[in-house]
Structure formats: structure tokens, C-alpha cells
Chemist: 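One structure, as C-alpha cells, below. Some questions next.
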Amino acid sequence: MEAKPGAAAGSTPNLFPERKPMTPAQVAAGIKAALTVQRRAVTFGKRPFAAVLIGPDNDEVLLSHQSVDQVNHAESSLARLAYKHYPKEFLWQCTLFSTWEPCGMCTATIYWAHIGRIVFAGSNDQLYELTGPGNKENFTMNWHTRDVLKGCPQKDIEVIGPLEDEGKIVVEDSDRYWSQTR
């Protein structure tokens with residue numbers, strides 16, 4: 001295995017191609033695409049969680065998914081679907097956008113699917129405040145995406161979020177659903 005260019009001996013090897021940096025406009029557009037999926041899901045009675053996979057160009061939406069139920073989350077379902085359709089080297093250059101911070105299960109699935117970047121709008125802490133303690137529709141765990149990935153030194157998955165402006169929009173939009181379940 002080759003070490004990353006300029007990396008010290010014994011550091012993590014460069015296993016995947018480099019990812020293209022994202023512009024703020026691309027970040028906003030990715031969250032907007034996920035929010036569109038989330039809004040559609042809520043109209044069909046589903047919980048307000050959604051994810052989209054954006055291609056290596058940081059613009060093309062390749063896949064989208066909504067929350068199905070408490071076990072089939074938008075992010076993990078999307079990551080499994082993506083892994084079936086695309087090679088891991090390609091997925092490493094893609095970005096998974098989520099309206100909410102991926103839970104531990106979803107983060108681990110994204111890791112194993114080799115998706116190289118995660119962008120989320122609302123934080124796990126904001127979700128807990130929004131849904132309320134003991135909400136039977138959402139048993140929010142006190143985990144964070146970065147905490148789950150700390151123990152994964154072989155892959156440098158980039159994490160962007162929570163996003164201040166987009167997070168406020170997602171919280172306000174999601175409250176239409178959660179205000180009925182608190």
C-alpha cells in the first residue's frame with residue numbers, strides 16, 4: 001500500500017481517489033435536494049428524514065431515499081442501495097447529504113459503503129430537543145457522527161455539519177411533524 005503523498009511513515013494509506021472540494025452553493029443545493037425528499041416523505045405519512053447521494057462532480061443527484069421506519073433510516077437505506085450500484089472508489093468521491101445528522105447505525109453503514117463525505121443540516125442534539133424525551137416515534141441516541149467515525153482511522157470520511165442556516169430550516173420544517181408526536 002502506498003502512503004498518502006507527504007504523509008509520515010506509519011500513517012493511513014491513501015486507499016481511495018481524492019474528493020473534489022465543495023462550494024457553499026453546492027452544500028446548500030445538496031441540503032435543498034434532501035429537504036425536497038423529506039417534504040415528500042412527510043406528505044406520505046413518513047417521518048421527516050431524508051438523504052440524497054451527490055456524484056463526484058458535487059452537483060448530480062444520483063439517488064435519494066426517505067425514512068421508511070425506525071429500522072430502515074434514509075441514510076443507511078441509501079448507503080446500502082448506493083453500494084449495490086456503484087464501485088467503492090466511485091462512492092468515495094460522492095457525498096451523502098442528510099437533513100439530519102446520521103445516527104450511529106447510519107454512520108456505520110455509510111462507512112462500510114465507502115461514501116467519502118457526509119453533509120447534514122440539523123444536529124442530533126437539535127433533533128432530541130425537537131422530538132422531546134421519550135418520543136415513541138424517535139428514540140434519539142446521544143451519539144454523533146464524528147464520535148462514531150473517531151474509531152475508524154483507515155478512512156478519512158469528511159463530515160460537514162451541522163449547518164446553521166440550513167439546520168434552522170430543517171428544524172422548522174420538521175416541527176410540523178414532530179409537534180404532533182411530542
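Along the sequence shown, residues are numbered consecutively beginning with 1.
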Chemist: How far does NZ of Lys88 sit from NZ of Lys155, to the nearest 0.5 angstrom?
Modeler: 8.0 Å
Chemist: With a 4.5 Å limit on heavy-atom distance, are the side chains of Ile118 and Pro102 in contact?
Modeler: yes
Chemist: Considering all heavy atoms of both residues, which atom of Pro133 and which atom of Tyr128 are nearest to each other, and what is their separation?
Modeler: CB-OH, 3.2 Å
Chemist: Find the distance between CD1 (Ile169) and OG (Ser174) and round it off to the nearest 0.5 Å.
Modeler: 11.5 Å
Chemist: Atom NE2 of His73 and atom CZ of Arg80: how far apart are they, to the nearest 0.5 Å?
Modeler: 9.5 Å
Chemist: Report the distance from atom CG of Asp175 to atom CD of Gln180, rounding to the nearest 0.5 Å.
Modeler: 9.5 Å
Chemist: State whether a side-chain donor-acceptor pair under 3.5 Å links Ser123 with Asp125.
Modeler: no
Chemist: Rounded at 0.5 Å granularity, tell me how far CG in Asp59 sits from OG1 in Thr95.
Modeler: 10.5 Å
Chemist: State which residues pass side chain to side chain donor-acceptor pair (under 3.5 Å) with Asn124; sequence neighbours excluded, sorted by chain then number.
Modeler: none
Chemist: Is there a donor in the side chain of Ser98 and an acceptor in the side chain of Glu75, or the other way round, less than 3.5 Å apart?
Modeler: yes
Chemist: With the side chain counted from C-beta on, respond yes when Val42 and Arg176 share a heavy-atom pair under 4.5 Å apart, and no when they do not.
Modeler: no
Chemist: Check Cys94 against Leu53 and note the closest heavy-atom contact, atom names and distance.
Modeler: CB-CD1, 3.8 Å
Chemist: Find out if a path of hydrophobic residues (ILVMFWY) with successive side-chain heavy-atom gaps under 4.5 Å connects Phe120 to Val170.
Modeler: no
Chemist: Are any non-hydrogen side-chain atoms of Trp178 and Leu127 less than 4.5 angstrom apart?
Modeler: yes
Chemist: Can you tell me which residue pairs pass the side-chain hydrogen bond (donor to acceptor under 3.5 Å, both in side chains) test with a partner in residues 160-169, sequence neighbours excluded?
Modeler: none
Chemist: Backbone N or O of Glu137 within a donor-acceptor pair of the Gln70 side chain at under 3.5 Å?
Modeler: yes
Chemist: Taking all atoms of both residues into account, what is the closest heavy-atom pair of Asn58 and Arg117, and its distance?
Modeler: OD1-NH1, 3.3 Å
Chemist: Tell me, do Asn135 and Thr140 make a side-chain contact under 4.5 Å, heavy atoms counted?
Modeler: no
Chemist: When you compare the side chain of Arg39 with that of Asp173, does any pair of heavy atoms fall below 4.5 Å?
Modeler: yes
Chemist: Heavy atoms, side chains only, cut-off 4.5 Å: are Lys32 and Leu35 in contact?
Modeler: no
Chemist: Go through the structure and list residues passing salt bridge (Lys or Arg N to Asp or Glu O under 4.0 Å) with Lys150, not counting sequence neighbours.
Modeler: Asp147
Chemist: Do you reckon Trp100 sits in the same ILVMFWY cluster as Leu78, going by side-chain contacts under 4.5 Å, direct or chained?
Modeler: no
Chemist: To the nearest 0.5 Å, how far apart are OG1 in Thr107 and CD in Glu101?
Modeler: 7.0 Å
Chemist: Could you identify which residues cluster with Met22, counting Ile, Leu, Val, Met, Phe, Trp and Tyr as linked when any side-chain heavy atoms lie under 4.5 Å apart, either directly or through a chain of such contacts?
Modeler: Val27, Ile31, Val37, Val52, Ile54, Val61, Phe97, Val119, Ile160, Leu163
Chemist: Linking Ile, Leu, Val, Met, Phe, Trp and Tyr by side-chain heavy atoms under 4.5 Å, what else ends up with Phe139?
Modeler: none
Chemist: Do Val159 and Ile110 sit in one hydrophobic cluster, given that two such residues count as connected whenever their side-chain heavy atoms are within less than 4.5 Å of each other, even indirectly?
Modeler: yes
Chemist: Write down the atom of Ala74, the atom of Ala50, and the distance for their closest heavy-atom approach.
Modeler: CB-CA, 3.7 Å
Chemist: Can you list the residues that meet the ring pair (Phe, Tyr, Trp, His ring centres under 6.0 Å) rule with Tyr111, with sequence neighbours excluded?
Modeler: none
Chemist: Measure the shortest side-chain to side-chain distance between His144 and Asn142 over non-hydrogen atoms and say whether it is less than 4.5 angstrom.
Modeler: yes
Chemist: Within the structure provided, determine whether Gln126 and Leu130 are in side-chain contact (heavy-atom separation under 4.5 Å).
Modeler: no
Chemist: At their closest point, which heavy atom of Val148 faces which heavy atom of Gly104, and how far apart are they?
Modeler: CG2-CA, 3.8 Å
Chemist: Which atom names give the shortest non-hydrogen contact between Arg40 and Thr43, and what distance separates them?
Modeler: O-OG1, 2.5 Å
Chemist: Quick check: does any side chain N or O of Arg19 sit under 3.5 Å from a backbone N or O of Pro56, one acting as donor and the other as acceptor?
Modeler: no
Chemist: I need the single residue from Tyr86, Phe16, Phe90, Trp92 that forms a ring-ring contact (aromatic ring centres under 6.0 Å, His included) with His114. Which is it?
Modeler: Phe16
Chemist: Trp143, Phe49: one ILVMFWY side-chain cluster at the under-4.5 Å cut-off?
Modeler: no
